[in-house]
There are 4 protein chains.
Amino acid sequence: MNSTKERIFKAAISTFSKSGFYKSTMDEIAESANVAKGTLYYHFKSKNEILEFLIDEGLKVLKNEVSEKIDKLNNAVEKLRTVIFIQSDFLYKYGDFITVLLSQIWGNNKVQDKFREKLYDYLKIIEDIIKEGISEKLIVECDEKIVSSVFFGMISSILVLKLRNKENFDPGYIADNILKYTLNGIQYVK
Amino acid sequence: MNSTKERIFKAAISTFSKSGFYKSTMDEIAESANVAKGTLYYHFKSKNEILEFLIDEGLKVLKNEVSEKIDKLNNAVEKLRTVIFIQSDFLYKYGDFITVLLSQIWGNNKVQDKFREKLYDYLKIIEDIIKEGISEKLIVECDEKIVSSVFFGMISSILVLKLRNKENFDPGYIADNILKYTLNGIQYVK
Amino acid sequence: MNSTKERIFKAAISTFSKSGFYKSTMDEIAESANVAKGTLYYHFKSKNEILEFLIDEGLKVLKNEVSEKIDKLNNAVEKLRTVIFIQSDFLYKYGDFITVLLSQIWGNNKVQDKFREKLYDYLKIIEDIIKEGISEKLIVECDEKIVSSVFFGMISSILVLKLRNKENFDPGYIADNILKYTLNGIQYVK
Amino acid sequence: MNSTKERIFKAAISTFSKSGFYKSTMDEIAESANVAKGTLYYHFKSKNEILEFLIDEGLKVLKNEVSEKIDKLNNAVEKLRTVIFIQSDFLYKYGDFITVLLSQIWGNNKVQDKFREKLYDYLKIIEDIIKEGISEKLIVECDEKIVSSVFFGMISSILVLKLRNKENFDPGYIADNILKYTLNGIQYVK
DNA sequence: GATGAATGAGACTTCATTCAT
DNA sequence: CATGAATGAAGTCTCATTCAT
């Protein structure tokens, strides 16, 4: 990615996250990227394509971070621990991207369907870990579709927390706690 | 709420959920409500105000359903069970509303901040249940802000599931499973 | 004029003067008159008709005040003195009406042409006084069309003054001075 | 001012003058300027800003014409003579602009207040001439605020005359006469 | 590669007017 | 006489996109 395109990319994430995709204008993105409006169209076919590119890249980074770290581990519980930590850390580092993602995957039109498909690829990684954990008897028998969705829901949870507690948001603390509840449950057992 | 305003209200939910808030036009809403465009403006000041009204009403219904059922119970675990069930059922019945809500609460502009504030009112109900459970020793010591956010994240989880499995989405089954994992955790204990 | 129509009439003058004819809405007028919007249409055919009625009435009052006072005088200079004083006083009492009038008589469309025609009727009164004064050798030979127009221009002058000096606008002082300059000129003569 | 913006400027004066500011539409202006509607908004933020720009420019030209000619003269009476002549000539050349101006300066809303402020800058030039004339004993002691307002009122007078006598409007004749009456008064002196 | 003036479809909104009550 | 809910034509403005330079 050459430097102009990268500047546009970053400007777009920041702009979309601040104002949302629809309220962001090509003018804003161009200004924020310090290029002329026409330049956006030299690097991207359309505003939609910027969004698509952005979501592709973001999910690619997330998937890579997860895959990389997970491959070195050989215990499903450790892997899930890692997933939770990475998600929390990712949101800490790339909150703007998550904001854009979460604003765009609901709804039933084509673009949103496409984005969700990309998301499912990520969820499959989690599903696989869960299946592995079940067969290893480290995780209880459960519906892996539901559980992987719950893992995704955690991203929403963490973003809600972050937005609620802007000043002191500690991704490590969050991850630790969520992990504990997820593995052990919250019910008190005598 | 007189009948015209109600027709507009319903048309708006359906339209926003189908096309998203920004891609929905006042023309579409008017047509779907079978009124003239001007009539929308007789009952609402602006498109934004329709959205606001819609989110207010939706969250009010959700809060009422939860409060009503919860007040009859006197056990925090039972209450959380109920919350999960209601959330799942609510999403089954009013998926369109949830779609609109989840598309609008991320981001940092004024309107979204306002919507999130309304959401926090709902989360406070859950926080209270958790505090109650902790003091009753039915729930383990935990950070109630995090846990209540996780409970909200479940709404996202369930919507992801519903969108993924359009044909056979069974709110009872989902609720049962999520509840089990939430209370007992997913780690296998010998 | 029954009481409802009169309330509308007064509300219209005040509203038109505050916001101008085009920015005033029937809603505003109705609210200011404390009647329902439909009631306006019971008493007037249209918004334009309200304006027309208002200008007709206003000019009628001005013409009457002038005619009444002038008929008792038998000296053209005294008559002009009276015209100036009445104009100044009228503007003091009915500034809102003058504001509306002065905003509506320029331009070339039909309505404005019509309003100007009504105004010319007033100017003719002044022309006649001037002609009378010339034949009586009280006033120098001059073009009475020009001079009567100048007398009208004074209304603009006085409104400008009033708007500039909101706090202390003294119609008597203004009238005295303008009269002096008009009769004697402003050039210093040895 | 580049050529597109200038075309819009001229189209706007002509359109506003024909139909008045409020009845003129952006469509009309665009068509008259031979540009697309969007182009108007590329060069001006809003319809109001076109009006503002137009009034600024018009008054600037008037002030410049007056200042330029006046600076060469060193006699207050000659200066006033020049003012009257320029006003009359300006109205002959740029009647459309004067029409727009006179339709917009009455009333009490913000925009009109702003326009009047700009007008006062012009009146101050006249005030200064009058003060000068008084100190030179060329002009009688008088209230310069009133007299400068009267000079402005003449613009209204002349426009009334022009509108009344469309076919034969001779700015030189008008100026000569008004000047005579203004300096010497209209009262016959033995 | 980059620019930015120009475009025009289409969005939101306003508001005078109507009409059944 | 009076009301006010409903209308829809028409206006202002936005903005993604194009294209000649």
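So you know, we letter chains A, B, ... as the sequences are listed, proteins then strands, and number each from 1.
In this model, the phosphate group of F/dC1 is not approached by any side-chain N or O of C/Thr4 to a distance below 4.0 Å at OP1 or OP2.
Out of E/dA2, E/dT3, E/dA6, the shortest distance to the side chain of A/Val35 is found at E/dT3.
Rounded to whole Å, the distance from CD on D/Glu31 to P on E/dT7 is 14 Å. One can place CG of A/Leu51 at 13 Å from P of F/dA16, the figure rounded to the nearest angstrom. Atom P of nucleotide F/dA2 and atom NZ of C/Lys5 are separated by 12 Å, given to the nearest angstrom. Rounded to an integer number of Å, the gap from A/Glu28 CD to F/dT14 C1' is 12 Å. In this entry the distance linking CG of A/Asn34 with C1' of E/dG1 reads 16 Å, nearest Å. Rounded to an integer number of Å, the gap from A/Phe44 CZ to F/dC15 P is 20 Å. The CD1 atom of A/Ile50 sits 15 Å away from the P atom of F/dC15 (whole-angstrom rounding).
By the salt bridge (Lys or Arg N to Asp or Glu O under 4.0 Å) test, D/Glu49 pairs with D/Lys45, sequence neighbours left out. Residues forming a salt bridge (Lys or Arg N to Asp or Glu O under 4.0 Å) with C/Lys10 (at least two apart in sequence, or on another chain): C/Glu6. For D/Ser156, the side chain to side chain donor-acceptor pair (under 3.5 Å) partners are C/Ser156, not counting sequence neighbours. In terms of the side chain to side chain donor-acceptor pair (under 3.5 Å) criterion, residue partners of B/Asp56 (sequence neighbours excluded) are, by chain and number, B/Lys118.
No donor-acceptor pair closer than 3.5 Å links the side chain of B/Lys5 to the backbone N or O of B/Phe44.
Note on residues 14-24 of chain D: no pairs pass salt bridge (Lys or Arg N to Asp or Glu O under 4.0 Å), not counting sequence neighbours. Listed by first then second residue, pairs satisfying salt bridge (Lys or Arg N to Asp or Glu O under 4.0 Å) with a partner in residues 24-37 of chain C read C/Asp27-C/Lys37, not counting sequence neighbours.
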For residues 99-107 of chain D, run the donor-acceptor check on the side chains, cut-off 3.5 Å, and write out each pair with its distance to 0.1 Å, sequence neighbours left out.
{"unit_1": "D/Thr99", "atom_1": "OG1", "unit_2": "D/Gly95", "atom_2": "O", "d": "2.9"}
{"unit_1": "D/Ser103", "atom_1": "OG", "unit_2": "D/Thr99", "atom_2": "O", "d": "2.7"}
{"unit_1": "D/Trp106", "atom_1": "NE1", "unit_2": "C/Leu102", "atom_2": "O", "d": "3.4"}
{"unit_1": "D/Trp106", "atom_1": "NE1", "unit_2": "D/Leu102", "atom_2": "O", "d": "2.6"}

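Helical stems of DNA chain E (runs of at least 3 Watson-Crick or G-U pairs, donor-acceptor distances under 3.5 Å) are listed by first residue: E:2-21 with F:2-21.
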Reading 5' to 3' through nucleotides 13-21 of chain E, protein heavy-atom contacts under 4.0 Å coded B for base, S for sugar-phosphate only, - for none: BBSBBB---
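Taking each heavy atom of C/Tyr120 and D/Val160 in turn, the nearest pair found is OH-O, 4.1 Å.
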